[in-house]
Amino acid sequence: MKRRKVDLADLPARSAGEIDDRLQVASPLRRLFNKVFPDHWSFLLGEIALYSFIVLLLTGTFLALFFDPSMQDTKYNGSFIPLRGIDMSGAYRSSLDISFDVRGGLFIRQMHHWAALLFMAAIVMHMLRTFFTGAFRKPRELNWIIGILLFWMGFTEGFAGYSLPDDALSGTGLRIASAIMLSIPIAGTWVTTSLFGGEFPGHVILDRLYIVHVLIIPGVILALIAVHLGLLVKQKHTQWPGPGRTNSNVVGVRMFPGFALKGGGFFMIVFAMIALLGGIFQINPIWLFGPYKAAVVSAASQPDWYVMFLDGSTRLMPAWEFRWHMFGNYYDIPPLFWPTVVLPGILTMLPIFYPFIEARFTKDKAVHHLLQRPRDVPTRTGIGAMAVSFYLVLLVSGGNDVIADKLKISLNAMTWAGRIGLLIIPPLAYYVVYRICLGLQQHDREVLSHGVETGIIRRTPEGRFYEVHQPLGPVDEHGHGELPYAGWVVPKKMNRVGALLPTLRGFFKPVETVEDVENEQSSNAPVSPAPSRHHEIGTGGRS
């Protein structure tokens, strides 16, 4: 029987056709690959968070192969000589073994910790970008809520992982966590004994935190990220206003191959940066802290930066204890309850409901796909500055003992400075930023009305000197411009309007020519968008 000759060149196409006949994936993949993404640098913040999380999964899987979450006492006989013969838990011993006896273990441990810090920093910066540009407005309120939940999931995940080594620093953090739980009225004792399996520290907390850290919370974060990206694809991406950009299209690069190749390269950059930090900069040297002992607490015991604001709020809270009478019984509400339970609750619910609060006050029910410049919404920008300054005061107060010690300042004075600053600095930040936004708006209106400053000074026959301005468009009989403000950057230099040679990009040497910039400026004219850009019309993914 004659065998049929296989055409290798036609094999991939035929195989893909057979798969599509059964699964019908060609059309969805085509729509996905044709998805258009804006290429502004500020949109990379969310990608940094995603890539950092991937690094966390990879390094965490490696560490899980060698870590033992046991709290059983054992003697250390590993490579780190200063701790040999010391009684410690199995968790601390395995952490030391990873650091000193597992090949590449310390490098992976430090990569894991740096990736966690970068993951949280990228989430915070991404949320700030979303807030200040109005990207949370209708129809993206759900994505904003998912971002808030991702922060608190990352917060909990970081705390759980931070507590697992059972060194003196992480044990102090667990002690503080148990005190916070005990401060909850009525249910506090039950919550603490249920979690710790009895009195602190118990013998089961690390086993439970280990499951939470490696299984439950990563699964929740993955689910939230999947929903976040799904909504992003369904609702299309926001973009800055500009030539060719409207509320019904997206101008940028296609998902494949342009955005995919850029994303792959950017992932390598993020991975390399985390590896550089993990290989050069020491972080969390648990061998210097020693094993946790409940009777030993040292000064300068600060958590990671994203938790430190709660440490600061605890230090600034006055020692006000309230007694609550209910059902014939008296319940004490300790001072710790307000800054560590009530404050995080407020800091969670206010951001979650802010999009709906702003829409109600501004009576804005429209669908928005174009971003806003922060200067154009001074009230929201002032509120954001007030929130950031509030957080910074708490962050600094979280290390007030170290600052007082190093600068020879009274710790009591540092505490009172934080309390007063918490009341004064946020409103002051709101006022200053609000006025700056109004000033920037006025400057844009002046340029649109009078033109760009040329630096040319003329003298009239009467002896008066004035500077010549270059109009940006048509002018009326009084010489005032008629261009409306379009919500985007107003050129304020002559090289931005073609009167002078444009500024070339490059650090050590130019990476473009004058002709490249002139072609880009001409292609960005309102008449037609740049030919290298792609447009996505509507929300259905058509391109």
Side-chain angles (χ1 to χ4, degrees), residues 42-57 60 115-163 177 180-181 184 191 195 208-209 211-235 237-238 303-310 313 339-359 368 380 383-384 387-388 390-391 394:
S42 62
F43 299 124
L44 298 179
L45 297 170
E47 293 184 41
I48 295 176
L50 175 62
Y51 300 151
S52 301
F53 184 68
I54 294 175
V55 175
L56 281 170
L57 292 179
L117 297 182
L118 184 60
F119 174 67
M120 295 301 295
I123 286 179
V124 170
M125 296 304 297
H126 182 57
M127 296 300 292
L128 288 176
R129 196 277 302 174
T130 302
F131 179 83
F132 284 113
T133 60
F136 58 82
R137 297 174 295 166
K138 185 179 178 180
R140 294 176 178 82
E141 299 94 340
L142 182 56
N143 247 348
W144 168 259
I145 294 173
I146 290 174
I148 300 295
L149 296 178
L150 275 174
F151 170 81
W152 286 110
M153 286 293 102
F155 181 99
T156 308
E157 174 77 344
F159 175 77
Y162 176 87
S163 304
I180 293 173
M181 297 175 197
I184 302 175
V191 171
L195 183 61
R208 295 175 177 180
L209 284 179
I211 296 300
V212 168
H213 182 70
V214 303
L215 182 61
I216 298 177
I217 297 183
V220 174
I221 292 178
L222 277 174
L224 290 174
I225 291 176
V227 175
H228 177 77
L229 295 178
L231 287 174
L232 178 66
V233 172
K234 178 64 177 177
Q235 297 173 342
H237 212 294
T238 56
D304 287 329
W305 67 268
Y306 54 89
V307 184
M308 195 181 295
F309 77 98
L310 288 183
S313 65
T340 58
V341 179
V342 176
L343 180 62
I346 295 174
L347 296 181
T348 302
M349 302 311 296
L350 273 182
I352 283 179
F353 287 103
Y354 182 84
F356 308 100
I357 295 173
E358 181 179 289
H368 300 280
R380 181 202 302 149
I383 292 174
V388 171
F390 181 84
Y391 167 79
L394 294 180

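Of all heavy-atom pairs between Ala49 and Ala122, the closest is N-CB, 3.5 Å. Taking all atoms of both residues into account, the shortest heavy-atom contact from Arg380 to Arg137 is NH2-CD, 4.0 Å. When every heavy atom of Ala177 is checked against every heavy atom of Phe159, the shortest pair comes out as CB-CZ, 3.5 Å. Closest non-hydrogen pair, His368 versus Pro139, comes out as O-CD, 3.9 Å. The two atoms that bring Met127 and Gly147 nearest to each other are SD-CA, 3.7 Å, heavy atoms only. Shown here for Ser52 and Ala115, the closest heavy-atom pair between the two residues is CB-O, 3.8 Å.
Within the 4.5 Å cutoff, the side chain of Leu310 has no heavy atoms near those of the Ile180 side chain. At least one side-chain heavy atom of Asp304 sits less than 4.5 Å from a side-chain heavy atom of Tyr162.
Between the CD1 atom in Ile352 and the CD1 atom in Ile357 there is a gap of 11.0 Å [rounded to 0.5 Å]. From Tyr354, atom OH reaches atom CD of Glu141 across 13.0 Å, with rounding to the nearest 0.5 Å. Going from atom CG of Leu142 over to atom CD1 of Ile146 covers 4.5 Å, rounded to the nearest 0.5 Å. Atom-to-atom distance recorded for Ile225:CD1 and Leu50:CG is 6.0 Å, nearest 0.5 angstrom. With rounding to the nearest 0.5 Å, the separation of CG in Asn143 from CG in Leu150 is 9.5 Å. Taken from CG in Leu56 to CG in Leu118, the straight-line distance is 9.0 Å, to the nearest 0.5 Å.
Counting heavy atoms of neighbouring residues, nucleotides and ligands inside a 6.0 Å radius, atom CZ of Phe356 exceeds 12 of them.
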Report task. May I have the step-by-step check of side chain to side chain contact (heavy atoms under 4.5 Å, CB included) for Phe151 and Thr348, ending in yes or no? Result -> CA-CA 10 Å; Phe151 170 81; Thr348 302; over 6 Å; no
**Report entry** Phe309/Leu347 under side chain to side chain contact (heavy atoms under 4.5 Å, CB included): CA gap, chis, key distance, verdict
**Finding:** CA-CA 11 Å; Phe309 77 98; Leu347 296 181; 3.6 Å; yes
Query raised in the report: Does the pair Arg140 and Leu231 meet the rule for a side chain to side chain contact (heavy atoms under 4.5 Å, CB included), with working shown?
Result: CA-CA 8 Å; Arg140 294 176 178 82; Leu231 287 174; over 6 Å; no
Requested in this report: Begin with the C-alpha distance, continue with both residues' side-chain angles, and end with the deciding distance and a verdict on side chain to side chain contact (heavy atoms under 4.5 Å, CB included) for Val227 and Leu224.
Outcome: CA-CA 5 Å; Val227 175; Leu224 290 174; 5.8 Å; no
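Remark: Trp152 pairs with Phe155 by the ring pair (Phe, Tyr, Trp, His ring centres under 6.0 Å) rule, at least two apart or across chains.
In this structure, His126 contributes its side chain and Leu45 its backbone to no donor-acceptor pair below 3.5 Å.
Aromatic ring pairs are classed by plane angle as parallel below 30°, tilted from 30° to 60° and perpendicular above 60°; the pair Trp144 and Phe136 is tilted.
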